[in-house]
Structure formats: C-alpha cells, structure tokens
Amino acid sequence: MALQFIGIDPNTGDGESPTVWVDQERQELVLQGWKPGTELEAECAAFEVPGHAAGIPEHEAVIRIPARMVPMIREACDAVERPDVA
C-alpha cells in the first residue's frame with residue numbers, strides 16, 4: 001500500500017497532527033484525527049438510522065477533524081475518484 005499524502009492541519013503543533021492521505025490501491029481516504037471525548041462517542045454510538053444499528057463496531061473508530069481541513073478532504077476525494085487530477 002502506498003499512501004498519497006494530501007495534507008496536515010495547518011494549525012498543527014507539537015503532538016497535534018490531523019492528517020489526510022489517499023490509498024489509491026484500495027480507493028480509500030485515510031484520516032488521522034483527534035479521539036472523541038466520551039460524550040461525543042456515546043452520542044455517535046446511540047445514533048440509529050435505517051440500515052445502521054446503534055453502536056460503534058469494534059473494528060471502527062470515531063475521529064474528529066477540524067473544519068479548516070475541508071479543502072484537504074475535498075482534494076483527497078478528487079484524488080481517489082480521479083487519480084489523474086491529483
């Protein structure tokens with residue numbers, strides 16, 4: 001797997017590094033973000049819509065990404081959908 005680096009939070013500091021990559025081989029976005037607090041994680045776990053059971057599966061995680069990284073996430077979406085654009 002070769003990750004394509006897209007960007008890192010521009011306000012990153014020591015020990016803070018929300019990051020966006022693209023895995024072209026698997027056609028996936030790869031995101032590193034902050035762990036949620038217990039209250040946010042519980043709210044996400046309680047959320048239920050048709051086709052989505054309550055809870056967070058053991059193999060999944062909730063992460064937080066700052067809104068200022070939206071342009072990087074858009075770029076990553078373009079890169080994974082149209083590799084010739086990136």
Side-chain angles (χ1 to χ4, degrees):
M1 166 178 64
L3 292 178
Q4 175 187 349
F5 173 78
I6 300 296
I8 191 166
D9 179 2
N11 291 2
T12 199
D14 292 339
E16 299 283 326
S17 55
T19 307
V20 179
W21 298 271
V22 168
D23 179 341
Q24 288 291 1
E25 187 177 304
R26 298 178 87 164
Q27 294 289 284
E28 295 174 344
L29 303 182
V30 179
L31 305 173
Q32 176 181 327
W34 301 306
K35 292 180 180 182
T38 54
E39 189 175 304
L40 176 58
E41 190 167 47
E43 184 177 346
C44 291
F47 193 78
E48 197 170 351
V49 295
H52 183 276
I56 301 168
E58 192 62 34
H59 63 280
E60 294 182 8
V62 172
I63 63 167
R64 294 172 32 244
I65 298 285
R68 63 183 165 265
M69 293 181 68
V70 167
M72 291 174 211
I73 295 169
R74 285 189 184 117
E75 181 181 340
C77 290
D78 287 343
V80 79
E81 289 181 341
R82 299 184 304 267
D84 56 313
V85 172

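Scope of the values below: all heavy atoms of this structure, side chains included, with no hydrogens, waters or symmetry mates.
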Visitor: If you measure from CD1 on Ile65 to CG on Leu31, what distance do you get to the nearest 0.5 Å?
Guide: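 The CD1 atom of Ile65 sits 5.0 Å away from the CG atom of Leu31.
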Visitor: When clusters are formed by joining ILVMFWY residues with side-chain heavy atoms under 4.5 Å apart, either directly or through shared neighbours, do Ile63 and Ile6 land in the same one?
Guide: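 Result: yes, single cluster for both.
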Visitor: Transitive ILVMFWY cluster of Trp34 at side-chain heavy atoms under 4.5 Å: who else is in it?
Guide: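 For Trp34, no cluster forms, as it stays isolated from other hydrophobic side chains.
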Visitor: Testing the basics here: between Leu3 and Val30, what is the closest heavy-atom pair and its distance to 0.1 Å?
Guide: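 For Leu3 versus Val30, the nearest heavy atoms are CD2-CG2, 3.9 Å.
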Visitor: What residues, two or more places apart in sequence or in another chain, satisfy side-chain contact (heavy atoms from CB on, under 4.5 Å) together with Glu58?
Guide: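 With neighbours one apart ignored, the set is empty.
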Visitor: In Å and rounded to the nearest 0.5 Å, what is the CE to CD distance from Met69 to Glu75?
Guide: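 Rounded to the nearest 0.5 Å, the CE-CD separation comes to 11.0 Å.
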Visitor: Out of the candidates Gln27, Glu28, Arg26, only one should pair with Gln24 under the side-chain hydrogen bond (donor to acceptor under 3.5 Å, both in side chains) rule; please name it.
Guide: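 The option that passes is Gln27.
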Visitor: Which pairs, with at least one residue in residues 47-56 and sequence neighbours excluded, count as a salt bridge (Lys or Arg N to Asp or Glu O under 4.0 Å)?
Guide: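 Qualifying pairs, neighbours excluded: none.
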Visitor: Locate the shortest heavy-atom distance separating Ala76 from Val20; write the atom from each residue and the value.
Guide: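 Smallest interatomic distance, heavy atoms only, reads CB-CG1, 3.5 Å.
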Visitor: Under the side-chain contact (heavy atoms from CB on, under 4.5 Å) rule, collect the residues that match up with Phe5, sequence neighbours excluded.
Guide: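 Counting only residues at least two positions away or on another chain, Phe5 forms a side-chain contact (heavy atoms from CB on, under 4.5 Å) with Ile8, Thr19, Trp21.
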Visitor: Under the rule for side-chain contact (heavy atoms from CB on, under 4.5 Å), what residues qualify as partners of Val70, not counting sequence neighbours?
Guide: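 Here the qualifying residues are Arg74.
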Visitor: Determine which pairs satisfy salt bridge (Lys or Arg N to Asp or Glu O under 4.0 Å) with at least one residue from residues 35-44, sequence neighbours left out, and list them in order.
Guide: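 Qualifying pairs, neighbours excluded: none.
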Visitor: May I ask you to list the residues sharing a hydrophobic cluster with Leu40, side-chain cutoff 4.5 Å, ordered by chain and number?
Guide: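 Via sub-4.5 Å side-chain contacts, Leu40 links to none.
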Visitor: So which atom in Ala54 and which in Ala46 form the shortest heavy-atom distance, rounded to 0.1 Å?
Guide: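 Where Ala54 meets Ala46 most closely, the heavy atoms are CB-O, 4.2 Å.
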Visitor: Taking salt bridge (charged side-chain N to carboxylate O under 4.0 Å, His left out) as the definition, give me every residue that meets it alongside Arg68, ordered by chain and number, with sequence neighbours left out.
Guide: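 Asp9.
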